[in-house]
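Chain identifiers are assigned alphabetically (A, B, ...) following the order of the sequence lines, protein sequences preceding nucleic acid strands; residue numbering begins at 1 within each chain. None of these values were measured; they are calculated from a predicted model.
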There are 2 protein chains.
Amino acid sequence: MPTPHYGTPRYRVIANELKERIESGVIPPGALLPAESVLTAEFRVSRGTIRQAVAVLREAGLVATEHGRGTYASPRPQGSRVARPSRSETGHREIAADPELAALFAVEVGAALLEQQSISRTHEAVVAVVRTYRLPRPSQ
Amino acid sequence: MPTPHYGTPRYRVIANELKERIESGVIPPGALLPAESVLTAEFRVSRGTIRQAVAVLREAGLVATEHGRGTYASPRPQGSRVARPSRSETGHREIAADPELAALFAVEVGAALLEQQSISRTHEAVVAVVRTYRLPRPSQ
DNA sequence: AGAAATTTGTCCGTATGTATC
DNA sequence: AGATACATACGGACAAATTTC
(Lines give C-alpha, C1' and ligand atoms only; values in the text may rest on other atoms or scores of the structure.)
Protein backbone atom coordinates (compact mmCIF):
# COMPACT_ATOMS: atom_id res chain seq x y z
CA MET A 1 0.00 0.00 0.00
CA PRO A 2 1.50 3.31 -0.98
CA THR A 3 0.28 6.02 1.30
CA PRO A 4 -3.37 6.37 2.05
CA HIS A 5 -4.27 8.89 4.70
CA TYR A 6 -7.80 9.04 5.86
CA GLY A 7 -8.85 10.65 9.06
CA THR A 8 -6.12 11.88 11.33
CA PRO A 9 -2.74 12.14 9.65
CA ARG A 10 -0.20 9.71 10.96
CA TYR A 11 2.19 12.40 12.09
CA ARG A 12 -0.54 13.75 14.35
CA VAL A 13 -1.33 10.33 15.73
CA ILE A 14 2.34 9.88 16.52
CA ALA A 15 2.58 13.35 18.02
CA ASN A 16 -0.36 12.54 20.29
CA GLU A 17 1.18 9.27 21.34
CA LEU A 18 4.48 10.93 22.22
CA LYS A 19 2.66 13.72 24.01
CA GLU A 20 0.89 11.07 26.02
CA ARG A 21 4.18 9.51 27.03
CA ILE A 22 5.63 12.82 28.09
CA GLU A 23 2.65 13.93 30.11
CA SER A 24 2.23 10.56 31.73
CA GLY A 25 5.87 10.48 32.72
CA VAL A 26 6.85 7.50 30.58
CA ILE A 27 9.30 9.98 29.13
CA PRO A 28 10.27 12.07 32.14
CA PRO A 29 11.06 15.79 31.93
CA GLY A 30 14.57 16.43 30.69
CA ALA A 31 14.95 12.96 29.26
CA LEU A 32 15.90 12.24 25.69
CA LEU A 33 13.24 10.98 23.36
CA PRO A 34 14.14 7.95 21.27
CA ALA A 35 16.19 8.88 18.22
CA GLU A 36 14.35 9.52 14.98
CA SER A 37 15.72 6.29 13.60
CA VAL A 38 14.27 4.40 16.54
CA LEU A 39 10.89 6.05 16.19
CA THR A 40 10.76 5.23 12.49
CA ALA A 41 11.25 1.61 13.43
CA GLU A 42 8.64 1.66 16.16
CA PHE A 43 5.92 3.42 14.21
CA ARG A 44 6.96 2.02 10.84
CA VAL A 45 6.89 5.34 9.10
CA SER A 46 9.45 7.34 7.22
CA ARG A 47 11.80 9.70 8.95
CA GLY A 48 10.04 12.71 7.48
CA THR A 49 6.83 11.73 9.18
CA ILE A 50 8.59 11.37 12.52
CA ARG A 51 10.20 14.75 12.09
CA GLN A 52 6.82 16.26 11.36
CA ALA A 53 5.40 14.75 14.53
CA VAL A 54 8.27 16.04 16.62
CA ALA A 55 7.86 19.48 15.03
CA VAL A 56 4.32 19.54 16.38
CA LEU A 57 5.57 18.89 19.89
CA ARG A 58 8.31 21.46 19.51
CA GLU A 59 5.84 24.15 18.53
CA ALA A 60 3.72 23.19 21.48
CA GLY A 61 6.74 23.65 23.69
CA LEU A 62 6.74 20.07 24.93
CA VAL A 63 10.17 19.25 23.61
CA ALA A 64 13.37 20.92 22.50
CA THR A 65 15.74 19.57 19.90
CA GLU A 66 19.50 19.99 19.62
CA HIS A 67 21.52 19.23 16.56
CA GLY A 68 23.59 16.10 16.99
CA ARG A 69 22.23 15.40 20.43
CA GLY A 70 18.60 14.58 20.26
CA THR A 71 15.20 15.78 21.39
CA TYR A 72 14.55 16.43 25.05
CA ALA A 73 11.26 16.45 26.86
CA SER A 74 10.79 19.90 28.31
CA PRO A 75 10.95 20.26 32.05
CA ARG A 76 7.48 20.78 33.41
CA PRO A 77 6.37 24.22 34.38
CA GLN A 78 6.61 23.56 38.08
CA GLY A 79 3.30 25.16 38.88
CA SER A 80 2.18 21.59 38.36
CA ARG A 81 -1.45 22.21 39.17
CA VAL A 82 -1.73 25.13 36.83
CA ALA A 83 -3.17 24.07 33.52
CA ARG A 84 -0.73 24.08 30.68
CA PRO A 85 -1.19 26.90 28.25
CA SER A 86 -3.06 25.19 25.45
CA ARG A 87 -1.26 27.24 22.89
CA SER A 88 2.31 28.05 22.02
CA GLU A 89 3.88 31.44 22.49
CA THR A 90 2.30 32.90 19.41
CA GLY A 91 -0.58 31.60 17.42
CA HIS A 92 -3.77 32.55 15.72
CA ARG A 93 -7.26 31.24 15.91
CA GLU A 94 -10.71 32.16 14.86
CA ILE A 95 -13.04 33.51 17.50
CA ALA A 96 -16.59 34.77 17.65
CA ALA A 97 -17.01 38.50 17.99
CA ASP A 98 -18.20 39.64 21.40
CA PRO A 99 -20.58 42.60 21.41
CA GLU A 100 -17.80 45.14 21.84
CA LEU A 101 -15.65 43.82 19.04
CA ALA A 102 -18.71 43.39 16.86
CA ALA A 103 -19.54 47.05 17.30
CA LEU A 104 -16.00 48.16 16.54
CA PHE A 105 -15.66 46.09 13.42
CA ALA A 106 -19.25 46.68 12.38
CA VAL A 107 -20.11 42.99 12.13
CA GLU A 108 -22.73 40.78 13.71
CA VAL A 109 -22.21 39.55 17.22
CA GLY A 110 -20.75 36.08 16.86
CA ALA A 111 -19.18 36.78 13.48
CA ALA A 112 -15.77 35.23 12.89
CA LEU A 113 -12.74 37.30 13.76
CA LEU A 114 -9.07 36.48 13.68
CA GLU A 115 -7.26 36.56 16.97
CA GLN A 116 -3.50 36.54 17.14
CA GLN A 117 -2.01 36.04 20.54
CA SER A 118 1.54 36.53 21.66
CA ILE A 119 2.93 35.98 25.10
CA SER A 120 5.82 37.83 26.65
CA ARG A 121 7.79 36.15 29.35
CA THR A 122 10.79 36.90 31.46
CA HIS A 123 12.33 33.59 32.40
CA GLU A 124 9.24 31.54 32.93
CA ALA A 125 6.82 34.11 34.21
CA VAL A 126 4.24 35.56 31.88
CA VAL A 127 4.58 39.32 31.77
CA ALA A 128 1.97 40.24 29.24
CA VAL A 129 -0.46 38.65 26.84
CA VAL A 130 -1.30 40.57 23.70
CA ARG A 131 -4.33 39.71 21.64
CA THR A 132 -4.82 41.35 18.30
CA TYR A 133 -8.18 41.10 16.58
CA ARG A 134 -8.74 41.58 12.88
CA LEU A 135 -11.31 40.84 10.27
CA PRO A 136 -10.80 37.57 8.43
CA ARG A 137 -8.99 38.12 5.15
CA PRO A 138 -10.34 41.24 3.52
CA SER A 139 -13.25 40.46 1.25
CA GLN A 140 -12.52 41.91 -2.13
CA MET B 1 24.67 17.51 -8.33
CA PRO B 2 23.35 16.03 -5.14
CA THR B 3 22.66 18.70 -2.57
CA PRO B 4 25.39 20.89 -1.24
CA HIS B 5 24.26 23.40 1.37
CA TYR B 6 26.70 25.63 3.10
CA GLY B 7 25.87 28.69 5.07
CA THR B 8 22.26 29.72 5.30
CA PRO B 9 19.87 26.96 4.31
CA ARG B 10 17.98 27.61 1.13
CA TYR B 11 14.61 27.50 2.79
CA ARG B 12 15.66 30.35 5.05
CA VAL B 13 17.02 32.39 2.17
CA ILE B 14 13.73 31.90 0.38
CA ALA B 15 11.75 32.74 3.51
CA ASN B 16 13.71 35.97 3.87
CA GLU B 17 13.15 36.87 0.26
CA LEU B 18 9.41 36.32 0.56
CA LYS B 19 9.34 38.22 3.83
CA GLU B 20 11.04 41.08 2.04
CA ARG B 21 8.38 41.11 -0.66
CA ILE B 22 5.58 41.13 1.85
CA GLU B 23 6.99 43.86 4.04
CA SER B 24 7.97 45.98 1.08
CA GLY B 25 4.52 45.68 -0.40
CA VAL B 26 5.52 43.79 -3.52
CA ILE B 27 3.08 41.25 -2.18
CA PRO B 28 0.40 43.43 -0.62
CA PRO B 29 -1.50 42.48 2.53
CA GLY B 30 -4.28 40.05 1.83
CA ALA B 31 -2.86 39.04 -1.53
CA LEU B 32 -2.13 35.48 -2.53
CA LEU B 33 1.45 34.38 -2.69
CA PRO B 34 2.51 32.56 -5.85
CA ALA B 35 1.54 28.89 -5.74
CA GLU B 36 4.10 26.44 -4.44
CA SER B 37 4.60 25.12 -7.95
CA VAL B 38 5.41 28.63 -9.17
CA LEU B 39 7.85 29.25 -6.35
CA THR B 40 9.44 25.91 -7.09
CA ALA B 41 10.12 27.12 -10.62
CA GLU B 42 11.32 30.56 -9.57
CA PHE B 43 13.76 29.42 -6.91
CA ARG B 44 14.59 26.13 -8.62
CA VAL B 45 14.15 24.07 -5.53
CA SER B 46 11.91 21.18 -4.64
CA ARG B 47 8.43 21.70 -3.33
CA GLY B 48 9.43 20.45 0.08
CA THR B 49 11.93 23.27 0.42
CA ILE B 50 9.30 25.82 -0.59
CA ARG B 51 6.89 24.39 1.96
CA GLN B 52 9.57 24.65 4.61
CA ALA B 53 10.12 28.31 3.75
CA VAL B 54 6.42 29.08 3.85
CA ALA B 55 6.16 27.27 7.19
CA VAL B 56 8.68 29.73 8.61
CA LEU B 57 6.54 32.65 7.52
CA ARG B 58 3.41 30.99 8.82
CA GLU B 59 4.90 30.51 12.26
CA ALA B 60 5.99 34.13 12.22
CA GLY B 61 2.41 35.09 11.48
CA LEU B 62 3.25 36.76 8.20
CA VAL B 63 1.10 34.50 6.10
CA ALA B 64 -1.82 32.14 6.44
CA THR B 65 -2.39 29.09 4.30
CA GLU B 66 -5.70 27.55 3.29
CA HIS B 67 -5.99 24.08 1.87
CA GLY B 68 -6.81 24.15 -1.81
CA ARG B 69 -6.77 27.93 -2.00
CA GLY B 70 -3.30 29.20 -1.42
CA THR B 71 -1.21 31.22 0.99
CA TYR B 72 -2.22 34.76 1.85
CA ALA B 73 -0.05 37.56 3.08
CA SER B 74 -1.33 38.60 6.48
CA PRO B 75 -3.07 41.94 6.72
CA ARG B 76 -0.52 43.37 9.09
CA PRO B 77 3.00 42.30 9.89
CA GLN B 78 3.75 43.18 13.45
CA GLY B 79 7.00 45.01 12.76
CA SER B 80 5.68 48.16 11.19
CA ARG B 81 4.50 50.56 13.79
CA VAL B 82 1.67 51.88 11.70
CA ALA B 83 -0.92 54.49 12.30
CA ARG B 84 -0.72 56.77 15.25
CA PRO B 85 -2.93 55.42 17.91
CA SER B 86 -4.45 58.90 17.33
CA ARG B 87 -4.93 58.92 21.05
CA SER B 88 -8.17 58.59 22.91
CA GLU B 89 -8.48 55.37 21.03
CA THR B 90 -6.78 53.64 23.87
CA GLY B 91 -8.03 52.95 27.35
CA HIS B 92 -7.58 50.54 30.18
CA ARG B 93 -9.83 48.74 32.57
CA GLU B 94 -9.85 45.92 35.01
CA ILE B 95 -11.23 42.58 33.94
CA ALA B 96 -11.68 39.15 35.42
CA ALA B 97 -9.26 36.48 34.24
CA ASP B 98 -10.81 33.88 31.97
CA PRO B 99 -9.49 30.34 32.34
CA GLU B 100 -6.87 30.75 29.65
CA LEU B 101 -5.45 33.98 31.02
CA ALA B 102 -5.64 32.58 34.51
CA ALA B 103 -3.49 29.64 33.46
CA LEU B 104 -0.96 31.87 31.72
CA PHE B 105 -0.58 34.27 34.60
CA ALA B 106 -0.88 31.53 37.19
CA VAL B 107 -3.72 33.20 39.03
CA GLU B 108 -7.20 32.10 39.98
CA VAL B 109 -9.93 32.23 37.42
CA GLY B 110 -11.78 35.48 37.97
CA ALA B 111 -8.79 37.26 39.47
CA ALA B 112 -8.34 40.88 38.48
CA LEU B 113 -6.19 41.65 35.45
CA LEU B 114 -5.41 44.89 33.70
CA GLU B 115 -6.58 45.16 30.14
CA GLN B 116 -5.34 47.90 27.88
CA GLN B 117 -7.12 48.26 24.59
CA SER B 118 -6.00 50.20 21.56
CA ILE B 119 -7.80 50.57 18.29
CA SER B 120 -6.18 51.12 14.90
CA ARG B 121 -8.21 52.72 12.17
CA THR B 122 -7.59 53.71 8.61
CA HIS B 123 -9.96 56.56 7.87
CA GLU B 124 -13.03 55.42 9.69
CA ALA B 125 -12.78 51.68 9.46
CA VAL B 126 -11.36 49.70 12.36
CA VAL B 127 -8.40 47.71 11.17
CA ALA B 128 -7.30 46.04 14.35
CA VAL B 129 -8.04 45.94 18.03
CA VAL B 130 -5.17 45.14 20.34
CA ARG B 131 -5.76 44.05 23.88
CA THR B 132 -2.86 43.73 26.25
CA TYR B 133 -3.28 41.91 29.54
CA ARG B 134 -1.05 42.35 32.54
CA LEU B 135 -1.06 41.63 36.20
CA PRO B 136 -2.28 44.47 38.38
CA ARG B 137 0.42 46.60 39.93
CA PRO B 138 2.08 44.39 42.52
CA SER B 139 1.52 46.07 45.87
CA GLN B 140 5.18 45.78 46.77
C1' DA C 1 44.10 13.84 19.13
C1' DG C 2 41.72 11.45 15.81
C1' DA C 3 38.44 8.37 13.65
C1' DA C 4 34.08 6.27 13.72
C1' DA C 5 29.41 6.01 15.02
C1' DT C 6 25.21 8.39 16.21
C1' DT C 7 21.81 11.88 15.62
C1' DT C 8 19.61 15.80 13.80
C1' DG C 9 19.48 19.16 9.60
C1' DT C 10 18.79 20.03 4.76
C1' DC C 11 17.28 18.80 0.14
C1' DC C 12 15.73 16.08 -3.65
C1' DG C 13 12.20 13.48 -6.43
C1' DT C 14 7.95 11.02 -6.57
C1' DA C 15 3.28 9.51 -5.55
C1' DT C 16 -1.15 10.11 -3.92
C1' DG C 17 -4.95 12.26 -1.07
C1' DT C 18 -8.07 16.16 -0.30
C1' DA C 19 -9.97 20.84 -0.78
C1' DT C 20 -11.10 24.58 -3.68
C1' DC C 21 -12.03 26.90 -8.00
C1' DA D 1 -16.10 17.12 -14.04
C1' DG D 2 -11.69 18.94 -14.71
C1' DA D 3 -7.90 21.85 -13.28
C1' DT D 4 -5.35 23.85 -9.69
C1' DA D 5 -3.32 24.00 -5.10
C1' DC D 6 -2.13 22.50 -0.67
C1' DA D 7 -1.42 18.11 2.59
C1' DT D 8 0.59 13.80 3.65
C1' DA D 9 3.98 10.23 3.06
C1' DC D 10 7.81 7.59 1.14
C1' DG D 11 12.82 6.77 0.29
C1' DG D 12 17.37 8.33 -0.64
C1' DA D 13 21.46 11.25 -0.16
C1' DC D 14 24.66 14.16 1.99
C1' DA D 15 25.92 17.86 5.76
C1' DA D 16 26.85 19.18 10.41
C1' DA D 17 27.02 18.67 15.46
C1' DT D 18 27.81 15.57 19.16
C1' DT D 19 29.28 11.59 21.46
C1' DT D 20 32.00 7.49 21.80
C1' DC D 21 35.90 4.71 21.18
#### Entry: Same apolar cluster (I L V M F W Y, side chains within < 4.5 Å links), A:Leu57/A:Phe43
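Same cluster.
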Kindly give the atom pairs (protein nitrogen or oxygen, nucleotide nitrogen or oxygen) under 3.5 Å for nucleotides 19-21 of chain D.
unit_1, atom_1, unit_2, atom_2, d
D:dT19, OP1, A:Arg69, NH1, 2.8
D:dT19, OP1, A:Arg69, NH2, 3.0

Rounded to whole Å, please give me the gap between [atom1] in [X] and [atom2] in [N].
| X | N | atom1 | atom2 | value |
| --- | --- | --- | --- | --- |
| B:Gln52 | D:dC6 | CD | C1' | 16 Å |
| A:Arg51 | D:dA7 | CZ | C1' | 18 Å |
| B:Ile50 | C:dC12 | CD1 | C1' | 13 Å |

### Query
Taking only residues two or more places apart in sequence, or in another chain, which ones meet B:Ala35 in a side chain to side chain contact (heavy atoms under 4.5 Å, CB included)?
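For B:Ala35 the side chain to side chain contact (heavy atoms under 4.5 Å, CB included) partners, ignoring immediate neighbours, are B:Ser37, B:Val38.
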### Query
For A:Gln52, which residues count as a side chain to side chain contact (heavy atoms under 4.5 Å, CB included) partner, sequence neighbours excluded?
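With neighbours one apart ignored, the set is A:Tyr11.
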### Message
Between A:Arg21 and A:Glu42, does any NZ, NE, NH1 or NH2 come within less than 4.0 Å of an OD or OE carboxylate oxygen?
### Response
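Yes, this pair counts.
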### Main-chain N/O of A:Gly61 paired with A:Ser74 side-chain donor or acceptor, under 3.5 Å
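Yes; at least one donor-acceptor contact below 3.5 Å.
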### Task
Can you check whether any acceptor in the base of C:dT20 is under 3.5 Å from a donor in the side chain of B:His67, or vice versa?
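Donor-acceptor pair under 3.5 Å: no.
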### Among C:dC11, D:dC6, D:dA15, the nucleotide that comes nearest once only the side chain of B:Pro9 is considered
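Among C:dC11, D:dC6, D:dA15, the one nearest the side chain of B:Pro9 is C:dC11.
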### Task
Can you figure out which of D:dC6, C:dC12, D:dC10 approaches the side chain of B:Arg10 most closely?
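So the nucleotide nearest the side chain must be C:dC12.
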### Message
Tell me which residues in residues 36-49 of chain A lie within less than 4.0 Å of DNA chain C, going by non-hydrogen atoms.
### Response
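Per residue number, the list reads A:Glu36, A:Arg47.
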### Query
Which other residues end up in the same hydrophobic cluster as A:Leu32, if Ile, Leu, Val, Met, Phe, Trp and Tyr are linked when side-chain heavy atoms come under 4.5 Å apart?
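Other cluster members: A:Tyr72.
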### Query
OP1 or OP2 of C:dT10 less than 4.0 angstrom from a side-chain nitrogen or oxygen of B:Tyr11, does that happen here?
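Indeed, a polar side-chain atom of B:Tyr11 lies that close.
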### Task
Please list, chain by chain and in numerical order, all residues satisfying salt bridge (charged side-chain N to carboxylate O under 4.0 Å, His left out) with B:Glu20, sequence neighbours excluded.
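B:Glu20: no salt bridge (charged side-chain N to carboxylate O under 4.0 Å, His left out) contacts found.
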### Task
Answer whether the closest heavy-atom distance between the side chains of A:Leu39 and A:Leu18 falls below 4.5 Å.
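Yes. Closest side-chain heavy atoms under 4.5 Å.
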